[in-house]
Amino acid sequence: MSIALSEQEIIRRESLQQLRALGINPYPAEEYKVTAFAQDITDNFEAFPDTYKHVAIAGRIMMRRIMGNASFFELQDATGRVQVYIKRDDICSGEDKTLYNTVFKKLLDIGDYVGVKGYVFLTQTGEISVHTQELTILSKSLKPLPIVRRDDEGNIYDAFTDPEMRYRQRYVDLTVNPEFKQIFIKRSKVISAMRNYFNNQGWMEVETPILQPVHGGAAARPFATHHNTLDMPLFLRIANELYLKRLIVAGFDGVYEFGKMFRNEGMDRTHNPEFTAMEIYVAYKDYIWMMAMVEECLELVTRAVHGIAAVQVGANEINFAGPYTRLTMYESIQKYTGIDVSAMDEAGLREVCEDLKIEVDASMGKGKLIDEIFSAKVEANLIQPTYITDYPIEMTPLAKKHRTKDGLVERFELFVNGKEIANAYSELNDPIDQRERLEEQLILAGRGDDEAMAMDDDFLRALEYGMPPTSGLGIGIDRLVMLLTNQSTIQEVLFFPQMRPEKKTKVSTADDFVKIGVPTEWVQVLNKMGFNTVEELKAANPNKVFNDLGGMRKKLKLDITMPAKEVVMGWFV
RNA sequence: GAUUCCGUAGCUCAGCUGGUAGAGCAUAACACUUUUAAUGUUGGGGUCCUGGGUUCGAAUCCCAGCGGGAUCACCA
């Protein structure tokens with residue numbers, strides 16, 4: 001980050017002072033009563049011209065076309081852009097033309113918030129515009145926005161596309177690339193549609209702890225923190241599953257939670273350290289029931305976002321109308337590799353992996369090996385929504401044993417466009433079985449499987465009191481939104497994706513410089529000369545600094561008094 | 001974590017085999033009362049990511065670091 005202000009920033013700060021000098025508050029406190037929006041005006045003016053005879057709109061100036069005593073500018077509000085026409089003699093009825101000649105033409109900039117009162121009309125070239133009768137400054141912008149230009153055909157010039165700046169300064173991104181707001185609007189619709197659906201079924205939204213003493217319910221490395229008063233370690237949750245099941249034990253029939261999960265693992269275009277999951281648990285149901293529920297829910301969500309049940313994702317059109325294809329895990333492996341792994345033991349599976357050139361290691365058990373084959377050979381083929389069911393018991397310590405098939409559990413995952421979107425079980429409610437299964441996880445952990453799950457004694461105690469048969473479902477909201485908005489990176493569906501910290505240049509404050517005797521108005525000059533800290537300045541040659549100050553004063557055309565040489569020498573004492 | 005590409009003005013980008021930095025927009029000044037990627041004329045604006053090295057001389061070549069992208073590996 002540069003410390004010294006750029007030329008344009010200095011000019012804007014000077015404009016700010018001049019506005020104040022003219023008695024105009026650049027940051028007024030009063031409410032500005034908005035009565036119209038850009039999109040509404042451009043959509044409906046021609047059909048209902050009479051309704052737009054007195055409008056008040058507010059937003060940012062995004063482009064200006066000044067032509068002598070009349071000008072056009074584009075005002076951008078939350079809904080879009082509308083052109084505004086402003087004529088000197090309309091806003092300056094008397095002799096004093098300051099408001100137009102000075103305030104509008106000189107002191108306002110692209111990015112400033114203004115309010116415009118006036119009437120809507122059609123220009124000679126047929127553009128719907130607002131004719132200004134009253135102009136109000138609502139907020140002065142001190143940093144120039146990137147300029148993105150568009151022509152009539154919608155071609156974009158000088159697009160602001162640098163991902164680093166877009167993610168770090170999302171406020172700039174969404175200001176100059178407002179089309180990206182659609183992703184977040186759709187994200188909001190996905191969540192609200194799902195929430196409405198659940199509420200309509202009579203299920204209850206709940207909140208469970210984010211700070212957990214045991215990070216259970218999934219297998220992942222947690223973020224660790226510490227509570228001072230209790231002097232105990234706490235973890236940011238990696239899952240909320242075990243708490244939601246406690247609520248089923250408590251007697252709620254249907255509970256769900258949208259929430260952030262935190263996993264201390266790698267970051268890439270499908271992983272952010274914090275991500276949003278939705279988990280729902282419904283009593284007296286099983287995973288077969290859950291498949292039908294998910295089909296209904298996702299079709300409804302897709303329609304809420306797109307109006308239809310289908311969505312274009314890359315080259316594929318995905319149809320969310322159910323029912324979805326159902327394949328058992330073994331069937332899916334047979335279908336895409338021709339190999340029947342259903343009866344194989346660990347040694348047989350290792351052979352298969354070797355034949356298929358899948359990398360494995362010694363820590364992997366039977367379930368993990370099957371999962372590796374599935375990931376490598378099947379997943380990418382599952383484009384239309386497909387349920388993969390009946391997983392090996394070793395991979396799934398929280399799901400109920402299959403009602404008829406030995407060695408399997410009642411679980412499905414929903415795959416769409418080659419990626420997992422949802423995961424569901426008939427939940428394990430046999431407390432003795434659950435304890436054994438978690439103990440097996442401890443053994444796996446002992447073999448070096450760092451994904452093995454931790455023991456949670458309080459959760460087991462809850463199960464011992466009795467949990468009704470229950471089906472549970474988890475959906476990765478970020479990935480669902482990626483799918484429904486045709487985005488290939490998770491960063492695009494998160495407002496503020498995690499980034500490495502910005503490089504900060506060490507800076508002394510203006511006060512630090514003043515303390516060693518530098519006149520306030522010269523601090524900026526020193527910064528401009530490359531002295532960002534008092535230490536850097538003191539390390540320099542005093543005579544050279546004194547000479548350079550004069551040079552900078554001339555170069556920057558500063559009308560400030562040159563400090564005496566003794567004063568400058570004093571800085572270096 | 002590995003490989004690879006990138007980092008130059010407020011923004012988008014040029015910059016050749018090394019010779020001391022350019023364009024468009026933005027900005028400043030002037031002109032212009034229905035323009036629209038407004039236009040015309042003139043001007044200002046740079047720690048060429050940071051630090052080393054090679055060289056008479058580095059935005060350019062070499063090394064290291066920082067930040068980002070892409071691909072791969074792990075995970076949702």
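Throughout, protein chains are lettered first and strands after them, A, B, ... in sequence-line order, and every chain is numbered starting at 1.
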Counting only Watson-Crick pairs (N1-N3 plus N6-O4 or O6-N4) and G-U wobbles (N1-O2, O6-N3), all under 3.5 Å, who is the partner of B:A28?
B:U42

Please name the nucleotide paired to B:U4 by Watson-Crick or G-U wobble geometry with both distances under 3.5 Å, or report none.
B:G69

Between the side chains of A:Glu9 and A:Lys143, is the shortest nitrogen-to-carboxylate-oxygen separation below 4.0 Å, so that they form an ion pair?
yes

Identify whether the distance between the nearest side-chain nitrogen and carboxylate oxygen of A:Arg269 and A:Glu492 falls below 4.0 Å.
no

If you look at every strand shown and take non-hydrogen atoms under 4.0 Å, does [X] touch a base, only sugar-phosphate, or nothing?
{"X": "A:Asn423", "answer": "nothing"}
{"X": "A:Ala277", "answer": "nothing"}
{"X": "A:Met63", "answer": "sugar-phosphate"}
{"X": "A:Gln8", "answer": "base"}
{"X": "A:Asp268", "answer": "base"}
{"X": "A:Arg269", "answer": "sugar-phosphate"}
{"X": "A:Glu9", "answer": "nothing"}
{"X": "A:Arg263", "answer": "base"}
{"X": "A:Asn264", "answer": "nothing"}

Compare side-chain N and O positions of A:Arg149 against OP1 and OP2 of B:A37 and report whether any pair is under 4.0 Å apart.
no

A:Arg500 side-chain N/O to B:G68 phosphate OP1/OP2 under 4.0 Å
yes

Please enumerate all residues that pass side chain to side chain donor-acceptor pair (under 3.5 Å) together with [X], with sequence neighbours excluded.
{"X": "A:Asp96", "value": "A:Thr98"}
{"X": "A:Ser141", "value": "A:Arg12"}
{"X": "A:Glu410", "value": "A:Arg403, A:Ser426"}

Between [M] and [N], how far apart are the [atom1] atoms? Round to whole Å, please.
{"N": "B:G24", "M": "B:A14", "atom1": "C1'", "value": "11 Å"}
{"N": "B:A59", "M": "B:G19", "atom1": "P", "value": "9 Å"}
{"N": "B:A73", "M": "B:G53", "atom1": "P", "value": "41 Å"}
{"N": "B:C48", "M": "B:A70", "atom1": "C1'", "value": "25 Å"}
{"N": "B:C63", "M": "B:A26", "atom1": "P", "value": "41 Å"}
{"N": "B:A9", "M": "B:G22", "atom1": "P", "value": "14 Å"}
{"N": "B:U35", "M": "B:G45", "atom1": "P", "value": "36 Å"}
{"N": "B:U60", "M": "B:G15", "atom1": "C1'", "value": "9 Å"}

Parallel under 30°, tilted from 30 to 60°, perpendicular over 60°: which one fits the rings of A:Phe184 and A:Phe495?
parallel

Would you state whether a donor and an acceptor, one from the side chain of [X] and one from the base of [N], lie under 3.5 Å apart?
{"X": "A:Glu127", "N": "B:U36", "result": "yes"}
{"X": "A:Glu7", "N": "B:G44", "result": "yes"}
{"X": "A:Gln124", "N": "B:U35", "result": "no"}
{"X": "A:Thr123", "N": "B:U35", "result": "yes"}

Report yes if the ring of A:Phe72 lies under 5.5 Å from the six-membered base ring of B:A38 with planes under 30°, and no otherwise.
no

How many Å lie between [atom1] on [X] and [atom2] on [N], as a whole number?
{"X": "A:Arg65", "N": "B:U33", "atom1": "CZ", "atom2": "P", "value": "17 Å"}
{"X": "A:Gln83", "N": "B:A38", "atom1": "CD", "atom2": "C1'", "value": "10 Å"}
{"X": "A:Arg12", "N": "B:U27", "atom1": "CZ", "atom2": "C1'", "value": "9 Å"}
{"X": "A:Lys143", "N": "B:C11", "atom1": "NZ", "atom2": "C1'", "value": "12 Å"}
{"X": "A:Met165", "N": "B:U8", "atom1": "CE", "atom2": "P", "value": "9 Å"}
{"X": "A:Ile156", "N": "B:U36", "atom1": "CD1", "atom2": "C1'", "value": "16 Å"}
{"X": "A:Leu145", "N": "B:U27", "atom1": "CG", "atom2": "P", "value": "11 Å"}
{"X": "A:Glu164", "N": "B:U12", "atom1": "CD", "atom2": "C1'", "value": "16 Å"}

Residue pair A:Asp89/A:Ile110 against RNA chain B: nearer the 5' end by closest nucleotide is A:Ile110

Please tell me which of A:Glu420 and A:Ile147 maps to the more 5' nucleotide of RNA chain B, matching each residue to the nucleotide holding its nearest heavy atom.
A:Ile147

Which pairs pass ring pair (Phe, Tyr, Trp, His ring centres under 6.0 Å) with one or both residues in residues 88-114 of chain A, sequence neighbours excluded?
A:Phe73-A:Phe104, A:Tyr100-A:Phe104

Quick check for you: among B:C11, B:A37, B:A38, whose closest atom lies nearest to any side-chain atom of A:Tyr157?
B:A37

Which nucleotide sits closest to the side chain of A:Lys87: B:U33, B:G24, B:G67?
B:U33

After noting the C-alpha distance and the side-chain angles of A:Asn423 and A:Arg411, does the key distance pass the side chain to side chain donor-acceptor pair (under 3.5 Å) rule?
CA-CA 7 Å; A:Asn423 181 22; A:Arg411 171 185 186 182; 2.9 Å; yes

Scan nucleotides 28-31 of chain B against the protein and return all N/O pairs shorter than 3.5 Å with their distances rounded to 0.1 Å.
{"from": "B:C30", "atom 1": "OP2", "to": "A:Lys106", "atom 2": "NZ", "distance (Å)": "2.6"}

I need the full list of salt bridge (Lys or Arg N to Asp or Glu O under 4.0 Å) pairs touching residues 169-179 of chain A, with sequence neighbours left out, sorted by first then second residue.
A:Arg150-A:Glu179, A:Arg166-A:Asp173, A:Arg170-A:Asp173

From the options A:Phe262, A:Phe223, A:Phe235, select the one residue that forms a ring pair (Phe, Tyr, Trp, His ring centres under 6.0 Å) with A:His215.
A:Phe235

